[in-house]
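What follows is a short report on a single structure.
Along the sequence shown, residues carry numbers from 1.
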Amino acid sequence: MQTMLTTLILGATIAAAAPLTARSLVSDAAGQTYDYIVVGCGVSGLVVSSRLSENEDVTVLCLEAGALDHYEDDILVPYYIGLQPDGFYEWGIYTVPQTQLDGESRHIPMGKGVGGGSLINGMVWNRGNQESFNAWNDVGNSGWGWNALLPYFEKSETYTPKNYSGAEVQPELQNPSVHGTSGPVQVSYPNYYWPQTNNWFEALHELGIPTSAEPNEGLSAGGYFLPLDIDPINQTRSDARRSYYDPIIARTNFNVQDNSQVTRVLFDTSDNLTATGVEFATGASAPRQTVYARREVILAAGAIHSPQLLELSGIGQSSILEPLGITVLQNLPGVGNNLQDHGMIHLNYNYTSPVLADVNDFAINATFNDESAAEYYGSKTGPWTAKPSCAVAFPSLEQVTESASSMLAAASSAAYNLPSTYDDEPTLQAGYERQMASVLSELANENIPAFENLNNNAGGLDLALMRPLSRGTTHITSTDPFTTPSVDPRWLVHSFDYDVMILAMQVNQRILNTDAIKYLGPSYEYIPQDATAEELGQILLSGIGTEYHYSCTTAMLPLDLGGVVNEVLMVYGTNNLRVVDTGIFPMVPGSHLQAVAYGVAEKAADIIKAAQ
Ligand SMILES: Cc1cc2nc3c(=O)[nH]c(=O)nc-3n(C[C@H](O)[C@H](O)[C@H](O)COP(=O)(O)OP(=O)(O)OC[C@H]3O[C@@H](n4cnc5c(N)ncnc54)[C@H](O)[C@@H]3O)c2cc1C
Ligand SMILES: *[C@@H]1O[C@H](CO)[C@@H](O)[C@H](O)[C@H]1NC(C)=O
Ligand SMILES: *[C@@H]1O[C@H](CO)[C@@H](O)[C@H](O)[C@H]1NC(C)=O
Ligand SMILES: *[C@@H]1O[C@H](CO)[C@@H](O)[C@H](O)[C@H]1NC(C)=O
Ligand SMILES: *[C@@H]1O[C@H](CO)[C@@H](O)[C@H](O)[C@H]1NC(C)=O
Ligand SMILES: *[C@@H]1O[C@H](CO)[C@@H](O)[C@H](O)[C@H]1NC(C)=O
């Protein structure tokens, strides 16, 4: 039985709705047989498990390494974004030293628990551009363009627009035809609008960067007010646990076993590879247990752990597996290569004007913080609903520089700087060249974002690279499943990626110099307003890290382009092993990843059902 853990602040609690028991939570899966075993109950795993169990004639088991949460305020209340304690439903994994930067390793946070990344993420909900999904289709994945995905993006959400008086985000300026009205995830807006948001949009207008009230129709680049996965009424996080688990726990054919880390996939090798089940353990020194699959095994462990499991199970690049003494069941060079992420740097130009309170005041003004907490718990209003940065920009090259075409020309002739695992692997090299051509042709379009600017309304103007040409790797270095894989994101190894980020930092300098932002009193203590490109470069190399958007490591691509899964997400060489998570993206889209992950998993569930 789950105990309800509530946080009491000012005598109030929001956890009244927490279920006391979760009947779908099992602990006795070992030795049993299910029709489907799903590995990892994060965003993708819960969507797939939930949809497959709609058919009451099939049984589904989802195995999750982390725990089922207790409706902690740290998860539910937007205020706690970024304030959750170290290791809170999180793996605690670091990269290898980034020698192309400053030689340091970086923390790459990943969700661990029923709900995965959606328990701890920034709640931002956007999809990226139509062309980026059409490009997925065009690199060899028939049926994966924007028009094919849109119904699934819609299927995952219930969208509730909001009319902040006079603001950019008015419902009549939005496009209801791209939104869902009855999906599991509540997508809406905070019940508070930071007044500085207007300065942000004015600044973008001063610079000629267009804004739009509809970020999710996939048509434009520029400024937006982004929705969140937030319940419009009670203003709590609508994560995968709340949306795809809680509503269906009465289903007897839907089973989730938490605290169970899958250690490998088991195969019958007599007729190609047929997955027969998986091995798992409740801890590094606990005994390995086995559970059997009648129909399929579906890996949804995320872009780092799904390739780890493939490699541990004998599916991967021979040159990685053989030195570890692992029998190669299927040589697939794509596994663990093609790692993509949006490199991100936090930049602070703290606004000093005392006229308006901002998110920094929570920490330094106890009166403001206490009043905000009281408003939140009392009426679900006020700044505690609005911690995340909703007012952002995704500019295209064309919108911010005269040199877009020369940057793109230089990019295509620059050194690739591919990982050494690409040596002697013509399919990986061919796949890279196909992707590079695709990304560069997209970026020539004035509606395709090149970078993201995450304004926090307090002088934080964080930057993230949306369409990287750099490629990284994640590979096992041990046959022990509890040894963390070696993750090497290789941010900025391609000179184009570096150049785009320097450009983005220069755009920050222009933004700070607009009348609308000067009014807020930006501070140049950390980054001088007249910093040269070389000085910005030093800041960039020591500051860049992850935007948590690890992807593309088990890419859906043709085999001759280094693919790992085909267009129905089946691992090449297997009869019944699929992957469904951000690892199957062939190229990372220019957006945050959760809305895309939900939509892709919805489509995957239909593909799997169609094969029944
Ligand atoms: C700190 C942070 C902030 C983010 N902010 C945003 C944001 O604001 N907006 C946005 O759109 N996206 C954001 N993201 C990204 C988004 O949350 C992820 O892209 C998304 O969760 C990926 O979904 P997934 O299904 O691929 O993997 P996940 O949701 O990560 O699920 C994978 C699950 O598999 C489990 N697992 C792994 N290995 C095993 C194993 N061997 N056995 C059993 N279980 C296993 C994991 O514990 C996890 O629960 C953020 C992510 C993080 C970490
Ligand atoms: C918020 O409201 C939704 C219904 O809109 C409900 O399902 C959910 O449990 C509520 N969340 C909390 C934390 O009370
Ligand atoms: C939104 O608010 C604006 C200004 O307050 C008003 O003009 C407009 O009609 C409102 N729109 C809707 C759909 O309520
Ligand atoms: C096994 O693989 C071969 C070659 O890929 C294929 O022709 C054959 O149909 C496969 N067998 C089954 C049962 O899928
Ligand atoms: C600027 O803001 C950051 C983030 O809120 C904070 O850590 C830092 O101390 C601030 N610096 C100053 C000088 O206020
Ligand atoms: C702290 O917050 C209170 C309440 O919002 C406000 O009245 C006061 O001016 C703030 N103090 C400072 C020093 O900003």
Side-chain angles (χ1 to χ4, degrees), residues 36-52 60 62-66 91 93 108-121 136 141 144 149 152-153 156 239-241 244 261-262 265 275 278 296-313 315-316 332 334-342 474 485 487 546 548-557 563-571 574 577-589 591-608:
Y36 297 97
I37 297 177
V38 178
V39 177
C41 317
V43 166
S44 311
L46 283 181
V47 172
V48 168
S49 303
S50 154
R51 293 301 183 189
L52 290 178
V60 181
C62 192
L63 287 168
E64 167 56 44
W91 281 85
I93 291 175
I108 41 170
M110 265 171 262
K112 184 180 189 181
V114 177
S118 71
L119 301 173
I120 60 170
N121 71 21
W136 286 12
N141 303 301
W144 285 89
L149 274 163
Y152 294 107
F153 290 147
S156 68
D239 52 40
R241 187 261 160 101
Y244 281 88
Q261 183 168 332
V262 172
V265 182
V278 303
E296 295 196 12
V297 172
I298 297 138
L299 300 182
I304 303 302
H305 292 104
S306 287
Q308 179 195 22
L309 281 170
L310 287 172
E311 292 183 343
L312 288 168
S313 311
I315 297 181
L332 275 187
V335 175
N337 290 312
N338 197 41
L339 171 61
Q340 298 176 41
D341 183 26
H342 296 141
T474 176
V487 186
T546 186
Y548 329 109
H549 293 168
Y550 335 105
S551 47
C552 310
T553 51
T554 53
M556 172 176 62
L557 280 171
V564 174
V565 300
N566 65 15
E567 64 203 16
V568 292
L569 307 183
M570 196 72 83
V571 177
T574 75
L577 176 65
R578 297 191 214 241
V579 183
V580 182
D581 56 36
T582 61
I584 69 97
F585 300 178
M587 292 168 283
V588 68
S591 66
H592 294 252
L593 296 195
Q594 69 171 341
V596 181
Y598 278 103
V600 164
E602 284 282 10
K603 182 169 164 64
D606 260 9
I607 288 172
I608 298 167

To the nearest 0.5 Å, what is the distance between [atom1] ([X]) and [atom2] ([Y])?
X: T474; Y: I93; atom1: OG1; atom2: CD1; value: 8.0 Å
X: L299; Y: I584; atom1: CG; atom2: CD1; value: 12.5 Å
X: H342; Y: H549; atom1: NE2; atom2: NE2; value: 7.0 Å
X: E64; Y: Q261; atom1: CD; atom2: CD; value: 9.5 Å
X: T553; Y: D581; atom1: OG1; atom2: CG; value: 7.0 Å
X: I298; Y: L577; atom1: CD1; atom2: CG; value: 9.0 Å

Return the minimal non-hydrogen interatomic distance between [X] and [Y], and the atom names on each side.
X: Y550; Y: D341; value: N-OD1, 3.6 Å
X: S49; Y: C62; value: OG-CB, 3.5 Å
X: P589; Y: V596; value: CG-CG2, 4.3 Å

### Message
Determine whether the aromatic ring centres of residues Y598 and Y244 are separated by less than 6.0 angstrom.
### Response
yes

Only one of L52, I37, V48 passes side-chain contact (heavy atoms from CB on, under 4.5 Å) with V60, and that residue is L52

Using atom types as modelled and distance alone, determine if a side-chain donor or acceptor of [X] lies under 3.5 Å from a backbone N or O of [Y].
X: T582; Y: S551; answer: no
X: N141; Y: M556; answer: yes
X: W144; Y: E567; answer: yes
X: Q340; Y: P586; answer: yes
X: T554; Y: V564; answer: no

Test side-chain contact (heavy atoms from CB on, under 4.5 Å) applied to V588 and L593, step by step: CA-CA 8 Å; V588 68; L593 296 195; 3.9 Å; yes

message: The test is side-chain contact (heavy atoms from CB on, under 4.5 Å); show your working for V565 and R578 and say whether it passes.
response: CA-CA 7 Å; V565 300; R578 297 191 214 241; over 6 Å; no

As a quick check of understanding, evaluate side-chain contact (heavy atoms from CB on, under 4.5 Å) for W136 and L557, giving each step before the final call. CA-CA 9 Å; W136 286 12; L557 280 171; over 6 Å; no

Show your working on side-chain contact (heavy atoms from CB on, under 4.5 Å) between V600 and F585 and close with a plain yes or no.
-> CA-CA 9 Å; V600 164; F585 300 178; 3.9 Å; yes

